[in-house]
Structures are given as C-alpha cells and as structure tokens.
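Comments concern the structure below.
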2 protein chains.
Amino acid sequence: MTHQREVILEELKRLRTHPTADELYEIVKKRLPRISLATVYRNLEQLSAAGIIQKLDFVGRQMRYDGDISKHSHIRCVECGSVADVRINPIQGIDQAVIDACGYKVLDYHLDFLGLCPICLLKKHRDN
Amino acid sequence: MTHQREVILEELKRLRTHPTADELYEIVKKRLPRISLATVYRNLEQLSAAGIIQKLDFVGRQMRYDGDISKHSHIRCVECGSVADVRINPIQGIDQAVIDACGYKVLDYHLDFLGLCPICLLKKHRDN
DNA sequence: TCTTAATTAAGAATTTTTCTCAAGTCAAGA
DNA sequence: TCTTGACTTGAGAAAAATTCTTAATTAAGA
C-alpha cells in the first residue's frame, strides 16, 4: 500500500459526495501536490477491482466513486448532477424474475433514481 | 424532419440492440453513405430531448439509445457489454420512500441489472 | 418560386480515461 | 545494510467518446 493509495482511499472514504476522478484528484492534491491524475485513476481502478471501493458506472457519462461499499441506491439531480445515497430495502426474488424474462444470469442490480435535489427544487420554485 | 433524421429514427426503432451512436452510424451509413457521425449524435440528442427515443445514460461510460420509450428495465452483460430488455412490474410506492430517505424529489427511476448473457455464460462454462 | 431558418458534412476541438515508459520506491532475503 | 526484482509513480502522449464550428445545403412556409 503506497502512500498515494492510502491518501486516495482515505479522502474518498471521508467524502460523501461520490466524486469523479478529477474532483478527487483536486482534493488529494492538497495533501500530495505532486500526485498525477493518472495515479488517481489507476488506484481507483485497482481499489474498485479489489472490492474496497465502488465504481459508479451507471450515473452518466463520467465515472463516480463511492468509498461506501454497502449496498445502497443513488439519486442523481438532473439539474446539478449531484449524487446522494438512498437506503431502500432490497427487492426480493428479483433474480429469478429476470432470468425468466430475458435469459441473462443476474450478478447485481441497481435501483437508481433521477430527481431534483433540495437546492435545485427550491430554485425551480423561485423561477416559476 | 430531414431525411437523415427519418432514417436514424427508423433504424433505431427497428433495432432491438440498444446501439451506441457509433453502431447506429455504421448501420445508417449503409442507406446514407455520406452521413456524418456528428449528424447521428445531433439527431439522437434532439430525438431524446423530444421524448421520441430514450437515451440510456446509465449503462456504462458510453451512451446507448433505445427506440422503445415504454418503461422497461435493462440488463447489461459484464463480459461483452450487450444490453437486453427486461420487463418487470413497476415498484409501488417507491417515490415516497425515496423522499423520506434523502429529501430529493423523484422524477424517474431505473432498475437495471448486471449479469451474463446466454452466450458469455456458455463461454464461461466451457473455459472452466 | 423565394426566403430564411434549420440542418448538414467534415473536421477540429474538448472531455474523460487509459497507456507508455523512464525513474523511483518498497519489501524480503542475502 | 545492501541488492534485487517487482511494483508504482509522474508526466505526457494517446485513445475513445462526444460536442463544436463553419460554410454549404436543404426544408418548409409565404
């Protein structure tokens, strides 16, 4: 475990914002000013391959990362792109329903939401 | 409605493969050899903004497009990236549960799956 | 048929991510 | 402590996906 990897993991676990690689790079740079963006990408890739963090590859074009690997849903604001956690009970018996419906074997599922965050909701109300 | 847009929409509606912009470009090019990739992107963007098609921006880094705008789930093969439809009953009362959990207003949700398609499942069995 | 506003093709530019490689670091054994 | 070899880093180049720019063309209404 290199120092760089340690700091990347530490900062990601501390954040609750599901940062992009670039956002995390800017934050880590405050502690390690000489770190390179490729190092951030490389370590995020390895940490998620090892199951230590989660790569959110279903929240739009850009990857986001989550230091919390417990199973939970996300909601993304369609206005500002912010992502929040949503704790919802797992759906029972869904795997078999999918195999029956399409023949694929289910490894995982994501129940994710699109919506408006409290701030953007307020803005909309003001504008109308 | 330009001829290009007509052909793009027609081919997308015909396909059941949730193509990427590039895949659709290759298919449309057989009918319109001089069409440019940017035209395909531009029209897919406009058609999805108009609600005539669906942009799948939660299936990985690359966007995919679906000519079927009826509400349904998708499953993506982790090996080959193929995407199939899954018809599952809508989840009751989920909107209120989310507002309670995180304060965001729900506009839409996606219940999507990761798994293995029948072909890759077979390959895995052969390799082991 | 004109007019004009929208759309096109082509390529440049941008954005996000991955790759390359020389130099640096680490861990374990001699 | 020194050496060795494998792993990792920083920096920039490259790749992949998408968007933008521009002059030319086309669609659609008057």
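Every heavy atom of this structure was used, including side-chain atoms; hydrogens, water molecules and symmetry mates were not. Just so it is clear: chains get the letters A, B, ... in the order the sequence lines come, proteins before strands, and each one is counted from 1.
- Atoms CG (L32(A)) and P (dT8(D)) sit 16 Å apart, rounded to a whole Å.
- Between the CD atom of E45(B) and the P atom of dA17(D) there is a distance of 17 Å, rounded to whole Å.
- Using a 4.0 Å cutoff on non-hydrogen atoms, the parts of residues 61-68 of chain B near DNA chain D are Q62(B), M63(B), ordered by number.
- When rounded to the nearest whole Å, the span between CG of L24(A) and P of dT16(C) equals 15 Å.
- Using a 4.0 Å cut-off between charged nitrogen and carboxylate oxygen, R76(A) and D57(B) count as a salt-bridge pair.
- Computed from coordinates, the D57(B) CG to dT18(D) P distance equals 11 Å when rounded to whole Å.
- When rounded to the nearest whole Å, the span between CD of E6(A) and P of dT8(D) equals 13 Å.
- Phosphate contact (OP1/OP2 of dT17(C), side-chain N/O of Y41(A), threshold under 4.0 Å): present.
- Between the N43(A) side chain and the R5(A) main chain, no donor and acceptor come within less than 3.5 Å of each other.
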Can you check salt bridge (charged side-chain N to carboxylate O under 4.0 Å, His left out) on K71(B) and D108(B), steps first, answer last? CA-CA 10 Å; K71(B) 184 79 187 160; D108(B) 193 13; 2.9 Å; yes
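- Of the N and O atoms on the side chains of S70(B) and D68(B), at least one donor lies less than 3.5 Å from an acceptor on the other residue.
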Check nucleotides 20-25 of chain C against the protein and report each pair of N or O atoms closer than 3.5 Å, with its distance, or say if there are none.
none

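- For R61(A) (side chain) and R61(B) (main-chain N/O), no donor-acceptor pair under 3.5 Å exists by modelled atom type.
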For nucleotides 23-27 of chain D, tabulate all protein N/O to nucleotide N/O atom pairs closer than 3.5 Å, reporting atom names and distance.
none

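- Two residues are said to be in side-chain contact when any heavy atoms from C-beta on lie closer than 4.5 Å; I8(A) and L44(A) meet this criterion.
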Can R42(A) and E45(A) be said to form a salt bridge (charged side-chain N to carboxylate O under 4.0 Å, His left out), step by step? CA-CA 5 Å; R42(A) 209 181 313 110; E45(A) 198 53 45; over 6 Å; no
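- We find that CG of D22(B) is positioned 11 Å from P of dA16(D), with the value rounded to whole Å.
- Atom pair Y25(B):OH and dT18(D):P shows a separation of 14 Å (rounding to whole Å applied).
- As judged by a 4.0 angstrom heavy-atom cut-off over every strand, L37(A) is placed among the base-contacting residues.
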Kindly determine whether H110(A) and H110(B) satisfy ring pair (Phe, Tyr, Trp, His ring centres under 6.0 Å), including the steps that lead there. CA-CA 8 Å; H110(A) 298 294; H110(B) 299 293; over 10 Å; no
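- Side-chain atoms of S82(B) and Y104(A) include a donor-acceptor pair closer than 3.5 Å.
- Rounded to the nearest 0.5 Å, atoms CD1 (I53(A)) and CD (Q46(A)) are 10.5 Å apart.
- Backbone-only engagement by N43(A) is indicated by non-hydrogen atom pairs under 4.0 Å involving sugar-phosphate atoms exclusively.
- If you take CD of Q46(A) and P of dA6(D), they are 17 Å apart, rounded to a whole angstrom.
- At least one donor-acceptor pair closer than 3.5 Å links the side chain of S73(B) to the backbone N or O of L111(B).
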